[in-house]
Amino acid sequence: MVTQIHPLIKPANDLTREPLLRVEDLKAYFFMDEGIVRAVDGVSFDVMPGKVVGIVGESGCGKSVTMKAILQILEAGAKIVNGKVTLRSRIHHGDPNSAEELIELTHLHPNSRQMRRIRGAEIALIPQEPMAAFSPVHTVGNQIMETILLHQDVSKKEARQIAIDVFRAVGISMPEQRIDSYSWQLSGGLRQRAIIAMALSCNPRLLIADEPTTAIDVTTQAQILKLLRKLQEERQTSIIFITHDLGVIAQMADEVVVMYLGMVMEKGSAMKIFKDAQHPYTQALLRSIPSVQSHPRVKLPTIAGSIAHPFNRPKGCPFHPRCTHFMRGVCDASQPHLVEVDEDHFVSCFLYSEADGTKKMTKTGAALAKEESL
Amino acid sequence: MLRYILQRLILIPILLIIFSIMVFALVQAPPGDFLTSYIATLASTGSSLNQETIAMLEHQFGLDQPVHIQYLRWMQNLLRGDLGLSLEYQLPNAELINDRLGLTLILALFAFVFTWVMAIPIGIYSATHRNTILDYLVTVVNYTGVAIPNFMLALILMWFAYSQFGLSVTGLFSRDFEQAPWSIAKGIDLLKHIWLPMIVIGLAGTARLTRVMRANLLDELNKPYIVSGRARGLSEWQLVMKYPVRLAINPLVSTIGWYLPELFSGSLIVATVMNLQNIGPLLLRSLINQDMYLAGAILMIYCFLAIIGTLISDILLAWLDPRIRMEKA
Ligand SMILES: Nc1ncnc2c1ncn2[C@@H]1O[C@H](COP(=O)(O)OP(=O)(O)O)[C@@H](O)[C@H]1O
Ligand code: SF4
Ligand SMILES: [Mg+2]
C-alpha cells in the first residue's frame, strides 16, 4: 500500500512525547446583530495522554464554547477566528494498537468526513445538559448503537452487545433491559451513567466532560466522579473536565486551567494551583470553595462584582474591575500575557509580567498578592 | 395503549349525541322551514300549493310536530342508519350524499397528500436554511397562502389558466366524461382536472403546516440532543432527519383531527366556484333551501369525521411518541 502523506499530517514516527491534544491561541467569536461576542479569546493548553485536565471558571467564561470549537460543532453564527488545534489521532480509530498521526483539526472542514470520524471515535463529549442529551423518542440503546455503527465495522447485533457491555462497565445493573429504555424512564444517576456509556462506546482517547455533575445530587455526584476516575485509570483515557467548581477539580484533575472571559488566567499542575495559586482570580476562586473543615452553614466569601457583559468586555486585564490588586494605568491599559512563573506554571497578570509581555524579574508582586490573600 | 383507545371509543357515542343536538338546533334555527320557503318560491313563479297538499307534506316530514319530537324522530332514524329524505330532491339523503362522497373523498385525499408532501420538506428546508433568500421567499408565500381566501385563489387561477392557456379548468371532468360510467379513461380525465382544485383547497393548509413545521423544527434544532448527536459524529443530514424532524412531526399529526373535516367543508365555496361535483355545493344548497334533513345528515357526517380524525391523530401520536404511549398505557 502506498502511504499518502497528507500535508496536514505528520508522518507517524515518534509521537509518544507529543500531547494528545494541543490547543494554541484559540479564538472563537459569535457574530451577532448586536455585536461580536469574544467568547473564546486566545486559549492555549495541552492534554497529555492519560491525564485529566480541569478547566475551571465562572459560568459564561467560555468553557463550553472552547470545547465546541475543538470539536468544530459551534452554533451557526460562531466562528473560529484564530488558533490551532492539533490532535494525536489513531489512524484506525478505536484500535488501541493503531499507528498515530498528527491532525490539525482547525484545518478540517467542520462537516468533513474526517472531522466527523474523529468526533465520537477519538474525542467524545459528555454534554453539559446530560438530561436532555438523549432524544426523548428514541431508546438510549438506539442512540448508543447508532454511534457504534457509525464508527465501527460491526453488525447490529454486535453493536447491541457492545452497548450492553459498556452499560455494564459504567455500573448499570440489568443492562440488557435498561438498554431498551427511554432516557426519561431512567433516574438522574442512571441517565448520567448512560451518557458516559454513550461517550465511551467507541473507545475514544479523549473524553470531554462538560459540567457532568452539575444537575445531580451530591451523593450521585460523588459516585459519578468516582466512576469517571476509575474508568479513566482502567482505560487510560485523557479527560478534559469542565466545571465551575474548584472543589470538584481538586478530586479529578492532574492539570488545571483557570479561565476568565474567554482567556486563560492561570494554568499549571493541580498541585501548583491548589497550593501556590498566583493569579488574583484563582486566589479569589479558592477562597470561595467550602473547605472540608469549614462549617457548611458558614457564608463563603464570594468574588466581589459580577462577570462583565460579553459585549463590553473591560479593556486591559479582563479581571481588573473586580481585582483587589488593580493597578491604575497598568491593568486597564493593556492585556497581560501568560508568563511561566515556575516550572509548568503560567500566570497572566501584571503582578508577574511587564507590559511588553516579559516576565517580571522581581518576585515582589507575587509575594505581595499571596500575603494579602492569606 | 389498548385501554387508551377503548377510552376514546367510549367517548364517541356521547360526543355524537351532543353534536347531533347542536346540528339539529342549527339547521332548525332559521325562521320558517322548507315548506314556507318552498311556497314562497312557488308563489314568486305564480303557482301555489293547496292547503291539503301542504298539510300532507307537513305531516309526512313531521314539520307539524314540536321541535323536540322532530329531533327525537330524526335521531331514531339516524340510529337505524336512515338519513331521511331530502325535502327538495324527494330522494333519500343517503343516495344524494353517496353519489358525491366518492369524489369528495378523492379530492380531500389529494389535497391532504399535497399538503403534507409539500409542507414537510419545505418546512425542513426553511428551518435548516434559516434566513436565506429561499427561506424568506417561503415565508412570504406562506403568509399570502394563509391570507388569501381560497375561493379567491380559485378565481385567480381559473382566470389565469383561461387567459394564458385557453384552458377551462372548472369541474372535475371534461364534458364527455361527466355522465360516463367509471373507466380508466375517466380516471385519467379526473387526474387531468383534479390538480387545480387540489392546489386551491390544499394551499392554505400547506402554508399553515409549513409554518408549524418550520417553527417546531427550529425549536428542536436548539435542543441539547442535537449538540450531543453532532459531537458523536453524525452528519447534519443524518442528525436532522433522525431526531428533530421526527419530533417536529408529532405536533403536525395532532392537526389531522381538525384538518380532515376542514378538507370536506373548506371546499364548500371553492367547489361552488369551480363547479366541483362534491359534497360542498350540496350542503350549500341544502342550507339555502332549508332542506334541513339533508343539511343535518351532511353536518353529522362532518362531525363524525372530526371525531374520527381526532381519534386517528391521537392514536398516531401515541404510536409515534413513546412519552404519550407509555403514560397512557
Ligand atoms: N449560542 C450563543 N450565541 C451567542 N453567544 C453565546 C452563545 N453561546 C455562548 N455564548 C456566549 O459565549 C460566552 C461563553 O459561553 P459558554 O462557553 O457557554 O460559557 P461556560 O463557561 O459557562 O460554558 C458567554 O458569554 C455567552 O454569552
Ligand atoms: S493584571 Fe491587574 S487587574 Fe488583572 S489580575 Fe493582575 S493585578 Fe488584577
Ligand atoms: Mg458551559
Side-chain angles (χ1 to χ4, degrees), chain A residues 33 64 67-68 70-77 93 110-140 142-152 180-185 195 198-199 201-202 204 207-208 210, chain B residues 1 124-136 214 216-254 314-329:
Chain A
D33 294 339
S64 298
M67 295 310 127
K68 287 181 187 167
I70 291 171
L71 286 165
Q72 300 224 54
I73 54 170
L74 290 165
E75 288 92 346
H93 303 308
N111 294 333
S112 65
R113 199 178 143 71
Q114 201 177 3
M115 190 69 231
R116 280 189 277 124
R117 302 253 308 133
I118 287 168
R119 295 200 277 261
E122 289 292 274
I123 310 176
L125 176 73
I126 300 175
Q128 177 153 10
E129 289 174 67
M131 302 309 159
F134 284 113
S135 149
V137 299
H138 300 85
T139 62
V140 289
N142 173 310
Q143 292 166 76
I144 296 178
M145 282 163 61
E146 170 189 60
T147 321
I148 297 169
L149 288 168
L150 198 63
H151 294 296
Q152 297 178 37
D180 292 320
S181 7
Y182 294 93
S183 61
W184 38 268
Q185 292 174 309
I195 276 284
M198 177 147 78
S201 62
C202 295
L207 198 60
I208 298 176
D210 193 350
Chain B
M1 182 78 183
I124 294 174
Y125 181 89
S126 237
T128 50
H129 297 77
R130 198 179 168 191
N131 297 341
T132 58
I133 293 178
L134 265 179
D135 176 37
Y136 289 133
R214 179 177 182 273
N216 290 345
L217 196 50
L218 283 179
D219 256 11
E220 292 298 332
L221 286 175
N222 287 324
K223 297 270 171 78
Y225 68 81
I226 293 286
V227 177
S228 156
R230 214 170 265 146
R232 282 182 280 140
L234 292 173
S235 72
E236 286 304 295
W237 175 254
Q238 285 170 317
L239 189 65
V240 171
M241 282 321 199
K242 177 164 175 185
Y243 298 103
V245 166
R246 172 75 171 64
L247 277 152
I249 281 179
N250 287 0
L252 280 199
V253 168
S254 56
D314 281 354
I315 292 174
L316 274 180
L317 208 55
W319 177 64
L320 276 173
D321 194 331
R323 287 167 297 184
I324 298 173
R325 182 168 70 232
M326 308 225 168
E327 189 185 310
K328 310 241 162 104

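In what follows, chains carry the letters A, B, and so on, assigned in the order in which the sequence lines appear, proteins first and then strands, with residues in each chain numbered from 1. Fair warning: this is a prediction, and the values are worked out from it, not measured in the lab.
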Partners meeting side chain to side chain donor-acceptor pair (under 3.5 Å) with Thr147(A) (sequence neighbours left out)
Arg232(B)

Supply the atom-to-atom distance Arg246(B) CZ to Ser135(A) OG, rounded to the nearest 0.5 angstrom.
7.5 Å

Report which part of Leu221(B) has an atom under 4.5 Å of a heavy atom belonging to chain A: side chain, backbone, both, or neither.
neither

What part of Pro136(A) gets closer than 4.5 Å to chain B, counting heavy atoms only: side chain, backbone, both or neither?
both

Rounded distance [0.5 Å steps], CD in Glu75(A) versus CG in Asn222(B)
8.0 Å

Nearest 0.5 Å, what's the CE-OG distance between Met115(A) and Ser235(B)?
14.5 Å

Just how far is it from atom CD of Gln143(A) to atom OH of Tyr225(B), taken to the nearest 0.5 Å?
9.5 Å

Is there a side-chain contact between Asn111(A) and Glu236(B), using heavy atoms and a 4.5 Å cut-off?
yes

Pairwise side-chain contact, Ser228(B) with Pro127(A), heavy-atom cut-off 4.5 Å (strictly under)
yes

Quick check on the interface: out of Asn142(A), Ile195(A), Ile118(A), who has the most heavy-atom pairs with chain B under 4.5 Å?
Asn142(A)

Side chain, backbone, both or neither: which part of Arg230(B) has an atom under 4.5 Å from a heavy atom of chain A?
both

Between Asp321(B), Leu247(B), Val227(B), Leu320(B), which residue shows the highest count of heavy-atom pairs closer than 4.5 Å to chain A?
Leu247(B)

Separation between CD1 (Ile73(A)) and CG (Leu239(B)), nearest 0.5 Å, reads 10.0 Å

Heavy-atom pairs under 4.5 Å with chain B: which of Ala76(A), Ala132(A), Ala199(A) has the most?
Ala132(A)

Only pairs of heavy atoms separated by less than 4.5 Å count here; which of Ile208(A), Leu125(A), Val137(A) has the most with chain B?
Val137(A)

Heavy-atom proximity to chain B below 4.5 Å, by part of Asp210(A):
neither

Under 4.5 Å to a heavy atom of chain B? For Met198(A) that would be side chain

Rounded to the nearest 0.5 Å, how far apart are OH of Tyr182(A) and CZ of Arg323(B)?
10.5 Å

Whatever's closer than 4.5 Å to a heavy atom in chain B on Ile123(A) counts as backbone

Please look at Gln238(B) and chain A and tell me whether the side chain, the backbone, both or neither of the residue comes under 4.5 angstrom of a heavy atom of that chain.
side chain

Quick check on Glu146(A) against chain B: is it the side chain, the backbone, both or neither that has a heavy atom closer than 4.5 Å?
side chain

Does CH2 in Trp184(A) sit with more than 12 non-hydrogen atoms of other residues, nucleotides or ligands closer than 6.0 Å?
yes

